[in-house]
Amino acid sequence: MMIVMKEGATQEEISHVVERIEEVGCSAHLSKGELLTVIGAIGDRDRVASLGLEGYDGVDHLVPILKPYKLASAQFRKGERTVVEVDGRRIGGDHFGLIAGPCTIESREQTLETARVVNEHGASMLRGGAYKPRTSPYSFQGLGVEGLRLLQEAKDETGLPIVTELMDVRDTEDVIEVADVIQIGARNMQNYTLLTEVGRTGKAVLLKRGLSSTLDDLLMASEYVLKEGNPNVMLCERGIRTFETAYRFTLDLLAIPALRELTHLPIVVDPSHAPGRRDWVPAMSMAAAAAGADGIIVEVHNDPEHAICDGPQALATTDFGDYADQVRRVAEVAGKLVSV
Ligand code: PEP
Ligand code: MN
């Protein structure tokens, strides 16, 4: 249930509604807009209804949220879009962000060289995995803490905020020391204990859509982070499994307009993992930007031929400048402000 407060409702009136919601065992989430405050009451609907909140001082009206996800629903923000801001870099609303970097952190040279180039060409954040979810347990699993240290060095030198994956709750402390945005990978999208833990860190989160997850599944997963009081969640379409075998995954570009209607959360597209080859990455990136994505997260490597992981789909650093210009041009045509 959403409780829409009157314009000019006092803090006392707002607190009173919150207290009553909590008294019946539900939780209250405040969303303060420029004019209006909206309180999301999450929990047993009948108990909230029994309070008769429509008659309280300062309450304008009540709106039932029909979707199973509440805090993520577009209705909850009444048409306002969430803008995730990290170190002055914004993604969401009118703001388009370009996140770039290697699939996995391999070495100091690889990390710093790639970071320098993407920074020079206006990437807004650096990506790179220190913990890698690999299909085979015999494949390289990431450098772990050493990888995080290299990411920190790249951040210190370039100033780029870091996006890196957390796979295991036991690594949370190490990861949040370096990460500005915690990536939750496709395979962990429904790891609810991990999502709850990440919600508690208060760090921004990039939540990737599971390989066979519906948009409802994705939004329900985001709700686990949001319910911990962490509003900084970005959703990421990265390709889903279909019957098609001509490429790794099917990039579901319709997720962009569909999610725009369903949720206020920023929508980021990963154009690298679905094609699995770099020559198709620019087309998918521009298509995503044209369709209204709020950002792109793309794999870039200083020496893709020798990359340990996902080399064939990594853009070479030498091609990144032209690529970034193209994507930004399309994002601008789609009405976005492209911030560094
Ligand atoms: C990645 O970003 O390198 C990655 C492993 O992504 P996903 O979880 O989408 O497969
Ligand atoms: Mn990858």
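All ligand and atom numbering here is 1-based and tracks the order in the structure.
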Does Arg134 CZ have over 12 foreign heavy atoms under 6.0 Å away? yes

Can a donor-acceptor pair be found between the side chains of Thr193 and Asn191 at a distance below 3.5 Å? yes

Non-hydrogen atom of Arg209 closer than 4.0 Å to ligand 1: no

Counting from 1, what ligand 1 atoms have a heavy atom of Cys103 closer than 4.0 Å? 3 (O)

Show the atoms of ligand 1 that are less than 4.0 angstrom away from any heavy atom in Glu299. 1 (C), 3 (O)

Would you call Arg149 and Glu146 a salt bridge, using N to O less than 4.0 angstrom? yes

Where ligand 1 meets Arg127 - atom numbers and elements under 4.0 angstrom, heavy-atom basis: 1 (C), 2 (O), 3 (O)

Of all protein heavy atoms, the one nearest atom 9 (O) of ligand 1 is Arg238 NE, 2.7 Å

Of all protein heavy atoms, the one nearest atom 6 (O) of ligand 1 is Lys208 NZ, 3.0 Å

Which of the numbered atoms in ligand 1 are below 4.0 angstrom from a heavy atom of Arg187? 7 (P), 8 (O), 10 (O)

Do you see a donor-acceptor pair shorter than 3.5 Å between the side chains of Glu106 and His306? no

Ser31 OG to Met5 CE distance, which is reported to the nearest 0.5 Å: 13.0 Å

Between the Mn ion (ligand 2) and Cys309, is there an N, O or S atom separated by less than 2.8 Å? no

Ligand 1 and Asp310, any nitrogen or oxygen pair closer than 3.5 angstrom? no

Would Arg209 and Asp270 pass as an ion pair if we require N to O under 4.0 Å? no

Salt bridge between Asp216 and Lys67, side-chain N to carboxylate O under 4.0 Å? no

Glu165 N/O under 3.5 Å from ligand 1 N/O: no

Check this for me: does any side-chain nitrogen of one of Lys155 and Asp180 sit under 4.0 Å from a carboxylate oxygen of the other? yes

Answer yes or no: does atom CD of Glu244 have more than 12 heavy-atom neighbours from other residues, nucleotides or ligands under 6.0 Å? yes

Does ligand 1 have an atom under 4.0 Å from some heavy atom of Gly129? no

Within rounding of 10°, what is the angle whose vertex is the Mn ion (ligand 2) and whose arms end at OD2 of Asp310 and OE2 of Glu299? 120°

What atoms in ligand 1 come closer than 4.0 Å to a heavy atom of Lys132? 1 (C), 3 (O), 5 (C)

Between the side chains of Gln152 and Asp156, is a donor N or O closer than 3.5 angstrom to an acceptor N or O? yes

Nearest heavy atom to atom 1 (C) of ligand 1, choosing from Gln313, Arg248, His273, belongs to His273

Answer yes when Lys132 and Asp310 have at least one side-chain N-carboxylate O distance shorter than 4.0 Å, and no when they do not. no

Heavy-atom contacts with Gly185 under 4.0 Å: which atoms of ligand 1 show up? List them by number with element. 8 (O)

For the Mn ion (ligand 2), angle spanned by His273 NE2 and Cys103 SG (nearest 10°) is 170°

Less than 3.5 Å between some nitrogen or oxygen of Ala186 and one of ligand 1, yes or no? yes

